[in-house]
There are 2 protein chains.
Amino acid sequence: MTATTQPRQNGQEQLLTPGEVATLFRVDPKTVTRWATAGRIGSIRTPGGHRRFRESEVRALLAELTNDVNRSI
Amino acid sequence: MTATTQPRQNGQEQLLTPGEVATLFRVDPKTVTRWATAGRIGSIRTPGGHRRFRESEVRALLAELTNDVNRSI
DNA sequence: AGGAATTCGGGTAATTTGGGTT
DNA sequence: ACTGTCCAAATTACCCGAATTC
């Protein structure tokens, strides 16, 4: 499954917007901002002050906080 | 501008809040929490500690526990 | 250069959590 | 064993206007 989301740059880390992270966790984008402020998740700032998040970190966090029925962590 | 602002990279799972799951089963949200704690249903935690549930899993559980009248198998 | 959508900030409701109890 | 309710504390959701992104 080749991602057709964004133009891929060589070996660069994919960055996610607050809205995209919010969708993954089913929370409000502002909540993602609070996570960043609280240091629960790393963030990168655009020169204009908007936050971006590393996809790998977000997905790792999501996996870490997931409790499946058939699989005890 | 176009509809390609942020194309869905989401082959992702739709998540439900405890309150939404509680509504589906017509129980108290706390009861849903107990199901999660008992491992009866999978859950995903936000970094803040709130739970989210996979909609597909919830629906499947609903269907599995549903007893309909047997009208011509 | 203009426009739509998103994301800043802050502030204030609503929901969720966990424990203990019924 | 299972569920509903009470409580305080923590987390999250929605409101606004202004700035940023594309």
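Proteins come first, then strands; the chains are lettered A, B, ... in the order of their sequence lines, and each starts at number 1.
At a threshold of 4.5 Å between non-hydrogen side-chain atoms, the residues B:Arg45 and B:His50 do not count as touching. For the pair A:Ile44/A:Arg51, no side-chain contact is recorded, criterion being any heavy-atom separation below 4.5 Å from C-beta on. Inter-residue side-chain proximity for A:Ile41 and B:Pro47 is flagged as unmet; no heavy-atom pair is nearer than 4.5 Å.
As a whole-Å value, the separation of B:Arg45 CZ from D:dT11 P is 12 Å. As rounded to whole Å, 8 Å separates atom P of D:dA13 from atom CZ of A:Arg26. Distance CD (B:Glu20) to P (D:dT12): 15 Å, rounded to an integer number of Å. Rounded to whole angstrom, the span from the NZ atom of A:Lys30 across to the P atom of D:dC14 amounts to 12 Å. A straight line from CG of A:Leu16 to C1' of D:dT21 spans 16 Å, rounded to a whole angstrom. In this entry the distance linking CG of A:Leu24 with C1' of D:dT12 reads 17 Å, nearest Å.
OP1 or OP2 of D:dT11 has not a single side-chain nitrogen or oxygen of A:Trp35 nearer than 4.0 Å. Contact annotation: B:Thr31 side-chain N/O to D:dT3 OP1/OP2 distance is not under 4.0 Å.
Backbone-only engagement by B:Arg51 is indicated by non-hydrogen atom pairs under 4.0 Å involving sugar-phosphate atoms exclusively.
Among the nucleotides D:dT12, C:dG18, C:dT7, the one closest to any side-chain atom of B:Thr33 is C:dG18. Candidate nucleotides D:dT12, C:dG19, D:dC22 were compared by shortest atom distance to the side chain of A:Arg34, and D:dT12 ranks first. Here the nucleotide nearest the side chain of B:Val27, chosen from D:dG4, D:dC15, D:dC22, is D:dG4. Ranking D:dA13, C:dT17, D:dG4 by closeness to the A:Asp28 side chain, first place goes to D:dA13. Nearest nucleotide to the A:Pro29 side chain, out of C:dT7, C:dT16, D:dT11: C:dT7. Looking at the side chain of A:Thr17, the nearest of the listed nucleotides C:dT7, D:dT11, D:dT20 is C:dT7. When distances run from any side-chain atom of B:His50 to the nucleotides D:dG4, D:dA13, C:dT15, the shortest one goes to C:dT15.
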Donor-acceptor contacts under 3.5 Å from residues 15-37 of chain B side chains, at least two apart:
from    : atom 1 : to      : atom 2 : distance (Å)
B:Thr17 : OG1    : B:Glu20 : N      : 3.3
B:Thr17 : OG1    : B:Glu20 : OE1    : 3.4
B:Glu20 : OE1    : A:Arg26 : NH2    : 3.0
B:Glu20 : OE1    : B:Thr17 : N      : 2.9
B:Glu20 : OE2    : A:Arg26 : NH2    : 2.6
B:Thr23 : OG1    : B:Gly19 : O      : 3.0
B:Asp28 : OD1    : B:Lys30 : N      : 3.0
B:Thr33 : OG1    : B:Pro29 : O      : 3.4
B:Thr37 : OG1    : B:Thr33 : O      : 3.0

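No side-chain N or O of B:Ser56 forms a donor-acceptor pair with one of B:Gln14 less than 3.5 Å apart.
Taking five base pairs at each end of the helix from C:dG3-D:dC22 to C:dG19-D:dC6, the local helix axes there meet at an angle of 60°, rounded to 10°.
A:Glu55 places no side-chain N or O within donor-acceptor distance of the main-chain N or O of A:Glu13, the cut-off being under 3.5 Å.
Annotation for A:Arg52: atom CZ counts as buried by contact number, over 12 foreign heavy atoms lying within 6.0 Å.
In terms of position along DNA chain D, the nucleotide closest to B:Arg40 lies nearer the 5' end than the nucleotide closest to the other residue of the pair B:Thr46 and B:Arg40.
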